[in-house]
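Here's the structure we're looking at; comments come further down.
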Amino acid sequence: MTTHEPLVLRETDARGVVKLTLNRPNAFNSLSEAMLAALLAEFEATPKDDAARVVVLGAAGKAFCAGHDLKEMRAEPSLDYYQKLFAQCTQVMLAIQKLPVPVIARVHGIATAAGCQLVAMCDLAVAARDARFAVSGVNLGLFCSTPSVALSRNLSRKAAFEMLVTGGFISADEAQAKGLVNRVAAPEELDAAVEALVGAIVAKPRVALAMGKQLFYRQLEKGIAAAYDDAGQTMACNMMDESALEGVQAFIDKRPPRWGQPT
């Protein structure tokens with residue numbers, strides 16, 4: 001890779017499938033400040049594209065993401081620098097949840113520390129069977145505090161805490177069993193497994209998915225009564241959308257819905 005190549009590659013197909021590829025293969029796609037900035041820029045650009053339906057986040061080279069760039073982190077240590085760095089990383093992670101379309105992590109190789117956090121923050125994740133996951137900062141004396149936020153919202157508490165305090169790797173099959181990834185496939189079938197999810201998503205109305213994703217994450221942070229109130233209001237608004245009215249009428253008429261190109 002030359003220094004002139006983008007740190008994040010972007011391509012969009014005719015269906016509105018946006019493929020973002022982390023492009024620092026020689027550094028195992030570690031999240032330098034520049035990489036974080038590039039990734040945030042791509043996430044922030046996506047809602048402006050009305051044709052976008054789903055984002056697939058993958059990586060070039062042998063690994064998905066090895067976490068923060070440790071050489072960069074160690075170069076000029078200061079509390080102010082570290083606070084800004086982790087705030088920048090948090091901004092990137094939260095941008096994933098704010099997107100109006102589902103985000104799928106396409107994972108191969110390793111996903112460690114902030115790289116594992118990135119997988120956990122994606123709405124869905126598909127991993128190659130030989131992929132491995134770890135939050136290994138504790139092995140260097142640095143507890144993976146920010147990754148713990150994402151991890152504890154995907155895995156059970158004890159499973160997440162074990163990963164955080166041991167720093168050990170888990171396999172893709174273990175990651176699926178613990179709730180970190182949705183599906184596991186043979187390396188040569190990884191793209192097909194991702195496409196199966198993509199195909200299911202793009203067949204649905206965009207507005208329903210956007211409203212649903214926003215509600216899904218909002219209600220998780222509320223008490224159950226407030227969550228039900230929010231969910232009920234969201235469903236009522238969703239039901240007034242033309243796509244939902246057509247979908248229900250199609251069910252009544254026993255025919256496929258005529259959504260055309262959902263918006």
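Everything numeric in this text was worked out from a predicted model, so none of it was measured.
- A donor-acceptor contact closer than 3.5 angstrom links the side chains of Ser30 and Arg24.
- Counting all heavy atoms, side chain and backbone alike, Leu180 lies closest to Asn154 at O-OD1, 4.5 Å.
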Quick one: side chains of residues 110-126, donor-acceptor pairs under 3.5 Å with protein atoms, not counting sequence neighbours, listed by atom name and distance.
residue, atom, partner, partner atom, Å
Thr112, OG1, Ala66, O, 3.2
Asp123, OD1, Tyr217, OH, 2.5
Asp123, OD2, Val103, N, 2.7
Asp123, OD2, Lys213, NZ, 2.7

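- You'll find the side chain of Leu151 reaches within 4.5 Å of the side chain of Leu164, heavy atoms only.
- Within a 6.0 Å sphere centred on OH of Tyr82, heavy atoms belonging to other residues, nucleotides or ligands number more than 12.
- Atom CE of Met239 is surrounded by more than 12 heavy atoms from other residues, nucleotides or ligands within 6.0 Å.
- Ionic pairing of Glu11 and Lys19 is not present here: no N-O contact between side-chain nitrogen and carboxylate oxygen is shorter than 4.0 angstrom.
- Smallest separation of non-hydrogen atoms from Ala128 and Val184: C-CG1, 4.3 Å.
- The existence of a salt bridge linking Asp13 and Arg15 is confirmed by a sub-4.0 Å separation between a basic side-chain nitrogen and an acidic carboxylate oxygen.
- For CZ of Phe161, the number of neighbouring non-hydrogen atoms (other residues, nucleotides, ligands) closer than 6.0 Å is 12 at most.
- Evaluation of the side-chain contact (heavy atoms from CB on, under 4.5 Å) rule for Ser152 yields no partner, not counting sequence neighbours.
- Here CE of Met240 is found 6.5 Å from CG of Leu245. Values are rounded to the nearest 0.5 Å.
- For Glu76, the CD atom is loosely surrounded, since the number of other residues' heavy atoms within 6.0 Å does not exceed 12.
- Using a 3.5 Å distance cut-off with no hydrogens or angles, the side chains of Asp229 and Gln233 do not pair a donor with an acceptor.
- Thr21 and Arg106 share no side-chain donor-acceptor pair at under 3.5 Å.
- Within the 4.5 Å cutoff, no side-chain heavy atoms of Val138 are placed close to those of Thr166.
- With rounding to the nearest 0.5 Å, the separation of CD in Glu33 from CG in Leu36 is 8.0 Å.
- More than 12 heavy-atom neighbours from other residues, nucleotides or ligands sit within 6.0 angstrom of CD on Glu195.
- Checking side-chain atoms of Asn23 against main-chain N and O of Val8 turns up no donor-acceptor pair under 3.5 Å.
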Test side chain to side chain contact (heavy atoms under 4.5 Å, CB included) on Val55 and Leu20 and set out the steps. CA-CA 7 Å; Val55 172; Leu20 300 180; 3.9 Å; yes
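- Within 6.0 Å of the CD atom in Glu162, the count of heavy atoms belonging to other residues, nucleotides or ligands does not exceed 12.
- Taking CD1 from Ile96 and CD from Gln91, the interatomic distance works out to 12.0 Å, rounded to the nearest 0.5 Å.
- At a threshold of 4.5 Å between non-hydrogen side-chain atoms, the residues Phe86 and His68 count as touching.
- Salt bridge Arg132/Glu174: absent, no basic N to carboxylate O contact under 4.0 Å.
- Other residues, nucleotides and ligands place more than 12 heavy atoms under 6.0 Å from the CZ atom of Arg255.
- The side-chain heavy atoms of Phe64 and Asn29, taken from C-beta on, include no pair separated by under 4.5 Å.
- Of the charged side-chain nitrogens involved, none lies within less than 4.0 Å of a carboxylate oxygen, so that Glu189 and Arg183 do not count as a salt-bridged pair.
- Within 6.0 Å of CD1 on Ile224 lie no more than 12 heavy atoms contributed by other residues, nucleotides or ligands.
- Here the side chains of Leu209 and Arg206 are not in contact, with every heavy-atom distance at 4.5 Å or above.
- Between Asp80 and Lys84, some side-chain heavy-atom pair lies under the 4.5 Å cut-off.
- For Thr234 and Arg218, the side-chain atoms include at least one donor-acceptor pair closer than 3.5 Å.
- Between the side chains of Glu246 and Ser243, no donor-acceptor pair of N or O atoms lies under 3.5 Å.
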